[in-house]
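Not measured: the values here are computed from a predicted model. Reminder, nothing fancy here: chain letters follow the sequence lines and each chain counts from 1.
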Amino acid sequence: MSNYKPIGGKLLTKPFIVMMALAGIAGILLLQRFLFGLGAVTNLSDGYPWGLWIVYDVLTGTTIACGGYAMALLVYVLNKGKYHPLVRAALMTSMFGYTLAGISIFIDVGRYWQIYNILLPKYVNLNSIMFEVAFCVTTYILVLWMEFTPVFLEKWATPKAKAKMEKIIFIFIAFGVLLPTMHQSSLGTLMVIAGDKLAALWQTGWLPITFLLSALVIGFGMVIFESYYSSVAFKRPLETHLLSKMSKFIGGVLVLYIIFRYGDLIWRGALKDAFAGDVNGWMFIIETILFIIPLIILFKEKLRNNAQYLFWAGVSMVLAGAILRFNTYLVGFSPGPGWHYFPSVSEILITLGIISAEIMAYLVFVKKLPVLPVIEHN
Amino acid sequence: MIKSKDKNGSQIDKHYTEQLKERGISRSDFIKFCSVAVATMSMPLSFAAKVAKSITDPARPPVIWLHFQECTGCTETLLRATHPTVDNLVLDMISLDYSETLCAAAGHQVEDALHKSVKANKGKFILVVEGSVPLAEDGIYCKIGGKSALDIIKEIGPQAAATVSIGSCASWGGVQSTYPNPTQATGIGDVYKMNNIKTPVINLPGCPPSPYNLLSTVLYYLTLKKLPKLDKLGRPKFAYSTLVHENCERRPHFDAGRFAEKYGDENHRQGHCLYKIGCKGPETYANCPSINFCDVNTWPVSVGHPCFGCAEQGVGFAKPLHEQADVKLVTPPAGFPNINEEKPGGVTIGAAAVAGVVAGAAITASVATAKKIGETEA
Amino acid sequence: MNIDRKQFFKVLAAGTVATSGVSTLFARERKLLPKNAVGILYDATLCIGCKSCEVECKKVNGMSGVFDTKLEQSHNVSGIWDGGNDLDSKTLNKIKMYRNGTSSTKDKETNGYAFIKRACMHCIDPNCVSACPVTALTKDPITGIVQYDKGACIGCRYCQVACPFNIPKFEFDKALPEIVKCEMCKHQLDKGGIPGCCDVCPTGASLFGPVEKLMKEARRRIKAQPGTKYRYPVSSLESGETQTHTVQKYISYIYGEKETGGTQYLILSAVPYEKLGLLKLPEKSAASTSEKIQHTAYKGMIAPVVLLGGLLYAAHRSTKQDSTE
C-alpha cells in the first residue's frame, strides 16, 4: 500500500562513528557552556550578541529545513502530486532542522530555564518580531512532527489509525505552510530594528520578502541536494526527472527574489556599496554570484537536465541563501568600531556536533523508517 | 688650599668647612642642604657636589634685593627656611649688598651702599625684586628715598645680570593688581617690556613662594652660570611645570570621586579632595605639594584648605575663593578609555583553521558527490 | 481541478504578500515623551573626568569593581571601581575621553580633549522595549525610565542587537546571566532621591531633572555667550545648589533631542558629537519601522487567517486526491 519503505542496512558505519565522536565533543563543550556561561565557549560579546549558533544553527538551519515547506507548498497547495516521492524526505529534514534549531535556541539563550516565558500570555509583546518568530517556530516544530506521524504509524500502528491520521493531516499541512511563511519572513524583519548597525546593502524594509523568497530558494536547493546525496549514498537511482521539472517553479521564485532584492538596492542607491572593495562589498558579490549560478542552470534546459549541473545548482542555492543570512546577521552587522566577532573553536565544534546529530538522525530514520520512496525498476 | 674629599666625591674648601663649624653647622648638614636644593631643581644627586663647590667659592656674587609694593612676606618666608641657618648661609654665600629688611644700616648710608654696589658690579649682580611697580600717576604710590619704584627699576634693572621677581606681586602684580587695580600695579617683566629693558627675568610667583625655589634658582645660576629653563611665563620649569593638582596628596580622592562638600563635613575630615569647595590646584602651576612649606611637611591643602591659586595669574586674587577650578590638564590621560576601544573576539588561528577544515570538507564532499552523480548518470 | 488553481495561486500570493508586510515601508507615529519623564543632562564642557559618577554608580547599584589581577597587583588594591574600558555587565556608566594631537586644551576639537559619559539614553521610543519578546524591558509610563525585569528575561539578547547605542549588556561570564543596564537609579527615585551619578557630580556635568526642564536649561546654555560666567545647577534642577563656570562654545544642538525618536538622556558638548562616539541617527526609531511592518502584516490577523483558509482548502483537496489515487 505504501509507496515508501526503509532502506535498511548497517547503522554503525565509519562516518557514523566519526559523527558520534563529533557529537560527543560538542556534548562536553555544552556542559562547559551550561556550567560556566556562554562566554566560556563562545566569542560572543555585547557588540555581537548573536554569533554562529544563531546565524547557522537557527537561521540557516531552519532555512535549510525549508525543504519541507517548499515541497508542501508545491505538492499540496499547488497540487503537483507528481513530486510526492520527494515529500517525505524533505519533510523529515525539515523536522530535524527545526527541532535542532529549537535545541540550539535553548543552548543560545542565556536564561534558558525560563524560556517558556515566551509562551506565557502575561509576558507577550506583540511588537516584538522575536516573539512572533519564537511562537511560530515552536508551533511549527510541533506541526512538523504531526505531519510526519504517518511514517511512524505506518511502521508501528494499524492501518486504521494511519487512515484516521491521514484524514486530518491536511490541517497540519496547511499550518505547515502558513507558519514558515510567517516566520521565515519575520526572520528577515528581525534585523530591521538593528537600524544603521546593519549595512545598507542588507538593511531594508523589504527584508521579510527577500528572506521569505530566499527561504524557498534554499528549501528547493536542499531538496535537490538531499535527493542526489541520498541517491549516491544509498546507491539509489537519480531523481533528475522529477527535480528538473520542479526547477521551472524554483526558477520563478528565484527571479522574483532577484527582482525584489536588486530592485530595492537600486531604488535605495545602495548598490554602489558593493564595489567599495571592503569585506561587505565582496561578500555581497559572492552572495550575488551564488544566486545567479542556479538561475542560469535552471533556465537552460540542457543544463538543468544534467544531473551534475542540477546538483551544483542546488548546492549554489543553499549556499546563496546561507550567505545572505550570514551577511545580514554577521558580516553586514557592525555595532561600531572596536568590536570583533569570529566564532571560537568551541563554538564551531558545537555547531559541527549539532550538524552531526542531525545527519545521524537522518540516517537512522532513513534506514529504519519508511521515508524514501520505493525504487521503481524501469 | 687643602681640599678634603667627601663621600659624594665633592671637594669642599677646607677653610669654608671651618667657617661652617664656627657657625655650628656640621659638614653633613651642609651636604644635606645642597642635596635638598638639588632635588628641588630636579637635578641628579651627584650635582650636589657641584653646588657645594659653587657655594664655597670665595667670589660671592652680589645680590641686590629691592622692595616695592608688597608685604615683605617673601622675605619672611625666606628667613623661615629652617635648614640649619640656611638664610645666613645664603646671605653669606652671596653678597647681599642691599636689602631694606635685612640691612642693619638705614637712610643715606644704605642708599649709598646700593649705588656703590650697582656701579661696582654692573652687569654681574643679581637683582631680586619683591613687590609690584605701580604705574598710575607716574608711580607716586611707591617711593623710596624720594624716587618712585618705576624710576628705581628703570635705573637698576638694565644694569643687573638677571632679575628674579620673587612672589606674585613682582611676577604679575599680585594682590594689588586685582580689579580695579587702582595703583596700576604691574609685574617686573611687564615693566621691563614697556621700558625696553633686556635683562632676563625669572618669575617665582606665589604668595609667598617657597623659599627653596629662590635658593635653587640662585644656586643654579651660581653653579652653571646660566639661568634655569623657563616656561613661557618666565617661571623656572623645575618648580612650575606641574599643576598643584598633579602631585597633590589628595589626588587619589579626586580620581576616585571623593570630595569634601563643605568645611568640617565627614568627607573633609576624611581628607578627601577639596575640588568641590573651590580648590584651584587643577589650574595652578607650582610645586607646593612636592616640597611643602616651612620644613614641617605642610601646605594649605594638607591642613584642609583648598589651594587658592596664589601663584597663577588670573586665578589667585582674581577668581572667587570657592568657585570651582577649570581643570587644565588631565593626568594621566591613559586613565581614561578612548571613545572607541578595541575589544576581544576577533579571529584566532585555531578558529580559522577549524573553519577552514570544515569548509574544505564540505567542498570535498560536494565535489565527490557530484562526481558520483556523474558516474551514476552515465 | 484546474478551475480553482489560478484562483488559489492568487489567494496564496495575496496572503503571502500581505503577511510579509510589503504594503508599507513607512514608520508608525513617533512616540511622545511620558508626562513626568525624568532624565539626565550631561554637559561635557563641565565634566572634569573625576569619575565620581562611576564610583557612586557602582556603590548605589551594589555592583562589584573590576577584578583584574595585573591591575590589582600594580595598584595594590582589590576590585577597581573605574576599571574596564567600556560599558559592560559590571559598568553602567563610563567616562570616555576624546583626544586629538597634543590633547592640551579641554573642549577643543584639534589638539584638545573632551570627556563623554556613556550610559543608557532612555529613549522615548526605545528599540529594546519593542524588541524584547517577553516584555522584560519596559518603559515606565510615568517616568519614562527603561527598566528591566529579570523574571521575564529569557536572555535572547535581541535587545542588544536592537539598541543603536549598544547599551544593554549581558553577563556572558555567568552561568545564570542577566541583562545589565542603567535604570536611572529608579530604586533611589522611589525613595525620593536622585540618580547616583548626578548626586555626586561636583560640577553639575550630570544634572537630573524633568526632561522638558532639562531641555530648556540646555537651550539656555547654548544661547549663553561663550566666555561669560554662568551659574550651573548642580546635582538636580531642584537642588538649589549652583556652581559658577565659564560658558564654553557649545555645539548649538542638543544630542538626544531627536536621535532615534528622542532620548531622556541629553548631551551638550563643545566638541562635535561624532568625535565623542555619538552617532548621527535618524529621527525615527528603527522600532517604529519594524513595528509598522509587523502590524501591517498582522493587522487583526486578517492576512494570516485568509491565507490559512486557502491553505486548508488546498491541502484538504490535495490529500483527498492522494488517498483516492
Side-chain angles (χ1 to χ4, degrees), chain A residues 34-40 42 44-47 49-50 75-79 81 84 108-112 114-115 117-118 123-125 127-132 134 166 169-171 173-175 177-178 181-182 185-186 189-197 205-206 208-209 212 333 335-336, chain C residues 1 5 8-9 12 16 19-22 25 88-89 127 130-135 151-158 160-162 164 166 169-178 260 279 281-282 286-287 289-291 293-294 297 304 307-308 311-312 314-319 321-323 325:
Chain A
F34 282 107
L35 286 178
F36 305 110
L38 280 164
T42 68
L44 295 175
S45 61
D46 290 317
W50 290 351
V75 172
Y76 296 115
V77 181
L78 303 177
N79 211 358
H84 220 149
D108 189 84
V109 297
R111 299 171 69 79
Y112 51 86
Q114 27 189 58
I115 196 167
N117 280 356
I118 207 147
Y123 290 132
V124 161
N125 175 12
N127 288 332
S128 174
I129 319 293
M130 179 63 98
F131 164 72
E132 192 232 309
E166 273 177 349
I169 198 139
F170 77 95
I171 297 169
I173 291 170
F175 273 102
V177 175
L178 174 74
T181 310
M182 284 165 72
S185 57
S186 291
T189 324
L190 215 49
M191 284 309 271
V192 170
I193 208 163
D196 293 346
K197 281 157 94 175
W206 296 94
I209 297 287
L212 179 66
F333 179 79
Chain C
M1 161 191 134
R5 237 184 73 191
F8 267 116
F9 197 82
L12 180 76
T16 310
T19 310
S20 313
V22 181
L25 288 177
D88 54 39
S89 59
N127 283 0
S130 166
C132 183
V134 287
T135 352
C153 177
I154 58 167
C156 71
R157 310 187 294 283
Y158 190 31
Q160 296 193 291
V161 173
N166 297 319
K169 302 293 171 187
F170 180 79
E171 295 174 321
F172 285 101
D173 54 343
K174 288 197 180 159
L176 307 176
E178 288 172 24
T260 184
L279 303 172
L281 288 170
T289 312
S290 102
E291 281 181 27
I293 293 173
Q294 193 73 347
L307 180 60
L308 181 65
L311 290 170
L312 277 171
H316 182 63
R317 191 199 44 186
S318 302
T319 44
Q321 214 169 16
D322 276 359
S323 41
E325 254 172 22

> Hey, are the side chains of A/M191 and C/V161 touching, using non-hydrogen atoms and a 4.5 Å cut-off?
Replying inline: yes
>> Please report the interatomic distance CG(C/L279) to CG(A/D196), rounded to the nearest 0.5 Å.
In response: 8.0 Å
> Of the backbone (N, CA, C, O) and the side chain (C-beta and beyond), which part of C/K169 lies under 4.5 Å from a heavy atom of chain A, both, or neither?
Replying inline: both
> Within the side chain of A/D46, is there an N or O that forms a donor-acceptor pair under 3.5 Å with the backbone of C/F170?
Replying inline: yes
> Which atoms of C/D173 come close to chain A, meaning under 4.5 Å heavy atom to heavy atom: side chain ones, backbone ones, both, or neither?
Replying inline: backbone
>> I need the residue from A/I171, A/V124, A/I129 with the largest number of non-hydrogen atom pairs under 4.5 Å to chain C.
In response: A/I129
> Among A/I173, A/L190, A/I169, which has the most heavy-atom pairs under 4.5 Å with chain C?
Replying inline: A/L190
>> For the interface with chain A, which of C/P164, C/A131, C/C153 has the highest count of heavy-atom pairs at distances below 4.5 Å?
In response: C/C153
>> Taking the side chain as everything from C-beta on, heavy atoms only, tell me whether C/V134 gets closer than 4.5 Å to A/F131.
In response: no
> Nearest 0.5 Å, what's the CZ-CG distance between A/F175 and C/L311?
Replying inline: 9.5 Å
> What is the minimum heavy-atom distance between A/P49 and C/Q160, and which atoms define it?
Replying inline: CB-OE1, 3.1 Å
> How many angstroms lie between atom CG of C/L176 and atom OH of A/Y112, to the nearest 0.5 angstrom?
Replying inline: 5.5 Å
> Are A/S186 and C/Q294 side-chain neighbours, meaning at least one heavy-atom pair lies under 4.5 Å?
Replying inline: yes
>> At a heavy-atom distance under 4.5 Å, which candidate from A/I118, A/L44, A/I115 has the highest pair count against chain C?
In response: A/L44
>> Counting only non-hydrogen atoms closer than 4.5 Å, does C/E171 touch chain A with its backbone (N, CA, C, O), its side chain (CB onward), both, or neither?
In response: neither
> Quick one: does C/I293's side chain get under 4.5 Å of A/V192's, heavy atoms only?
Replying inline: yes
> Would you say the side-chain atoms of A/N117 pair up with the backbone N or O of C/G151, donor to acceptor, closer than 3.5 Å?
Replying inline: yes
>> Are the side chains of A/L38 and C/R157 in contact, using a 4.5 Å heavy-atom criterion?
In response: yes
> Are C/C156 and A/V109 side-chain neighbours, meaning at least one heavy-atom pair lies under 4.5 Å?
Replying inline: yes
>> Measuring from atom CE of A/M130 to atom CD1 of C/I154, what distance do you get when rounded to the nearest 0.5 angstrom?
In response: 7.0 Å
> Of all of C/A315, C/A152, C/A287, which one pairs up most often with chain A through heavy atoms under 4.5 Å apart?
Replying inline: C/A152
>> Quick check: closest heavy atoms across C/C132 and A/N125, and the distance to 0.1 Å?
In response: O-ND2, 2.7 Å
> Closest approach of A/I193 and C/S130, non-hydrogen atoms and distance?
Replying inline: CD1-OG, 3.7 Å
> Given the options A/G336, A/A194, A/P335, which has more heavy-atom pairs under 4.5 Å with chain C than any of the others?
Replying inline: A/P335
